[in-house]
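What follows is one structure encoded as structure tokens, with my remarks underneath.
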Amino acid sequence: MAATDELAFHEFEEATNLLAETPNAATTSQSDALTSREHVAVVIESGIGYRAEEMEEEGDKTSLLQEEKPQPRFWTFDYYQSFFDVDTSQVLDRIKGSLLPHPGHNFVWHHLRNRPDLYGPFWICATLAFVLAVTGNLTLVLAQRRDPSIHYSPQFHKVTVAGVTIYCYAWLVPLALWGFLRWRQGTREHEHMGLYTFLETVCVYGYSLFVFIPTVVLWLIPVEWLQWLFGALALALSAAGLVFTLWPVVREDTRLVAIALLSIVVLLHALLALGCKLYFFQPLPLEHVVPGPKATPLSPSVLLPTSARSMTTF
């Protein structure tokens, strides 16, 4: 008890001396300071707890809204909207990757990264079909300028032929390839074999066709051996990109199946390039050449002079 009184007297004496030095100063006891600190701590902790509860409630509301939002069906436009959500830099990077294939560089792993798009393949196929039809008509126009005897008429049906051919190849061949690989994966001894999705396969084929767009434009050069050289280079780049991308998937299969599958892929690619070259840049058929005027035999009355004609009349 004496110690408590002595401590209180000591505090009172210090306060008196402080007030004497600074009359405007205010005094607070240790108990008041502890009380204020506890009050501030309680206020901060209550604010943090309230904010945490508020964020938790917002997260619950967001997850609840996502669960309540129905997932779009695959036959609706909303389902495919995410596959067109790409920017220009991504499309250019994927085009560059398709133009520069090399061993160990997988197009799906290095460029798609589990985010295939349909924007690039759709417009690449549309551009290739349009360029094929236009350059096929321009070939006849340029030939007519070199030889006026050639008759040119617009061939609008080439647009339809080019569009149907390119889009069927870019969708049906990947579908058949994906179905075959999925069937091989389902066999008992090949369950560990990796597999690309159908949209990834379509994306690979779509971007592999980009190299043919500048090649078709170069086919306007009226030099036959140069046209075949450009076509062979484009086919080599495009087919190499497909082989390097598909090899990590098919190498887990038997050697015979892997070689046969890659050979069929290259063969179909070569048939597409060869068909486009021979159909849209074929030599001029005979009906496009206007026949020259034929010499008609003159009658004897025309050949005889006027005097001889009058004599024969009598």
- [ ] Please examine the side chains of R182 and F198, heavy atoms only from C-beta on, and report whether any two atoms are closer than 4.5 Å.
- [x] no
Open item on the list: When you compare the side chain of R184 with that of L261, does any pair of heavy atoms fall below 4.5 Å?
Closed with: no
TODO: Locate the shortest heavy-atom distance separating A162 from L132; write the atom from each residue and the value.
DONE: CB-CB, 4.2 Å
TODO: Report yes or no: do V217 and W225 belong to one cluster of Ile/Leu/Val/Met/Phe/Trp/Tyr joined by side chain heavy-atom distances under 4.5 Å?
DONE: yes
Task: Crowding at CZ, F244 (>12 non-hydrogen neighbours, <6.0 Å) - done: yes
Task: Distance (rounded to the nearest 0.5 Å) between I124 CD1 and R94 CZ - done: 10.5 Å
Open item on the list: Let me check something: do L181 and W247 share a hydrophobic cluster, defined by ILVMFWY side-chain heavy atoms less than 4.5 Å apart, either directly or through other members?
Closed with: yes
Open item on the list: Once ring-ring contact (aromatic ring centres under 6.0 Å, His included) is applied, do any residues pair with F212, and if so which ones, sequence neighbours excluded?
Closed with: H269
Open item on the list: Under the rule for side chain to side chain donor-acceptor pair (under 3.5 Å), what residues qualify as partners of S89, not counting sequence neighbours?
Closed with: D87
Task: Rounded distance (nearest 0.5 Å) linking atom SG of C276 with atom CG of L128 - done: 6.5 Å
TODO: For H111 and K96, run side chain to side chain contact (heavy atoms under 4.5 Å, CB included): C-alpha distance rounded to whole Å, both residues' side-chain angles, the deciding distance at 0.1 Å, then the answer.
DONE: CA-CA 10 Å; H111 297 280; K96 181 181 177 181; 5.9 Å; no
Open item on the list: Enumerate the salt bridge (charged side-chain N to carboxylate O under 4.0 Å, His left out) contacts for residues 153-165, please, sequence neighbours excluded, ordered by first and then second residue.
Closed with: none
Open item on the list: Nearest 0.5 angstrom please: L218 CG to I213 CD1, how far?
Closed with: 12.5 Å
- [ ] Sorted by first residue and then second, give each side-chain hydrogen bond (donor to acceptor under 3.5 Å, both in side chains) pair with at least one member in residues 120-133; sequence neighbours left out.
- [x] none
Task: Counterpart residues, ring-ring contact (aromatic ring centres under 6.0 Å, His included), relative to F230 (two or more places apart) - done: none
- [ ] Tell me, please, which residues at least two apart from F180 pass ring-ring contact (aromatic ring centres under 6.0 Å, His included).
- [x] W183
Task: V161 side chain reached by Y279 side chain, heavy atoms, under 4.5 Å - done: yes
- [ ] Could you list the residues that satisfy side-chain contact (heavy atoms from CB on, under 4.5 Å) with L220, not counting sequence neighbours?
- [x] T135, L138, T139
TODO: For residues 215-226, pull every pair meeting salt bridge (charged side-chain N to carboxylate O under 4.0 Å, His left out), keeping only residues two or more places apart or in separate chains.
DONE: E224-K277
Open item on the list: If you define the side chain from C-beta out and look only at heavy atoms, does anything of P248 sit under 4.5 Å from W109?
Closed with: yes
Task: Expected output: side-chain Q227 to main-chain I221 donor-acceptor under 3.5 Å - done: yes
Open item on the list: On a heavy-atom basis, which atom in P174 and which in T201 lie closest, and how many Å separate them?
Closed with: CB-CG2, 3.7 Å
Task: Inter- and intrachain pairs under side-chain hydrogen bond (donor to acceptor under 3.5 Å, both in side chains), touching residues 205-223, at least two apart - done: D117-Y207
- [ ] Check for a donor-acceptor pair, side chain of S238 on one end and backbone N or O of A234 on the other, with a separation under 3.5 Å.
- [x] no
Open item on the list: Is it the case that atom OH in Y119 sees more than 12 heavy atoms from other parts of the structure closer than 6.0 Å?
Closed with: no
- [ ] Go through the structure and list residues passing side chain to side chain donor-acceptor pair (under 3.5 Å) with D85, not counting sequence neighbours.
- [x] none
TODO: Verify the cluster assignment for V91 and F107: are they in a single hydrophobic cluster under the rule of side-chain heavy atoms below 4.5 Å apart?
DONE: yes
Task: Same cluster (ILVMFWY, side-chain, under 4.5 Å), Y167 and V216 - done: yes
Task: Least distance between heavy atoms, C125 atom then A170 atom - done: SG-CB, 3.6 Å
TODO: Please check if V164 and F280 belong to a single hydrophobic cluster, counting links between Ile, Leu, Val, Met, Phe, Trp and Tyr side chain heavy atoms closer than 4.5 Å.
DONE: no
TODO: Taking the side chain as every heavy atom from C-beta outward, state whether L272 and L209 have any pair of such atoms under 4.5 Å apart.
DONE: yes
Open item on the list: Working to the nearest 0.5 angstrom, can you tell me the gap between L172 CG and L268 CG?
Closed with: 11.5 Å
Task: Contacts of H110 that satisfy ring-ring contact (aromatic ring centres under 6.0 Å, His included) - sequence neighbours left out - done: H105
Open item on the list: Is any side-chain heavy atom of S263 closer than 4.5 Å to one of I259?
Closed with: yes
Open item on the list: Are the side chains of P101 and L237 in contact, using a 4.5 Å heavy-atom criterion?
Closed with: yes
Open item on the list: So, using side-chain contact (heavy atoms from CB on, under 4.5 Å) as the criterion, who are the partners of V108 when residues are at least two apart?
Closed with: N106, L112, Y196, E200, V204, T245
- [ ] Would you indicate whether the side-chain heavy atoms of L262 and L246 approach each other to under 4.5 Å?
- [x] yes
TODO: Could you walk me through whether V266 and V243 pass the side chain to side chain contact (heavy atoms under 4.5 Å, CB included) test, one step at a time?
DONE: CA-CA 8 Å; V266 175; V243 171; 3.8 Å; yes
Open item on the list: I'd like to know if the side chain of S98 and the backbone of I95 have a donor-acceptor N/O pair within less than 3.5 Å.
Closed with: yes
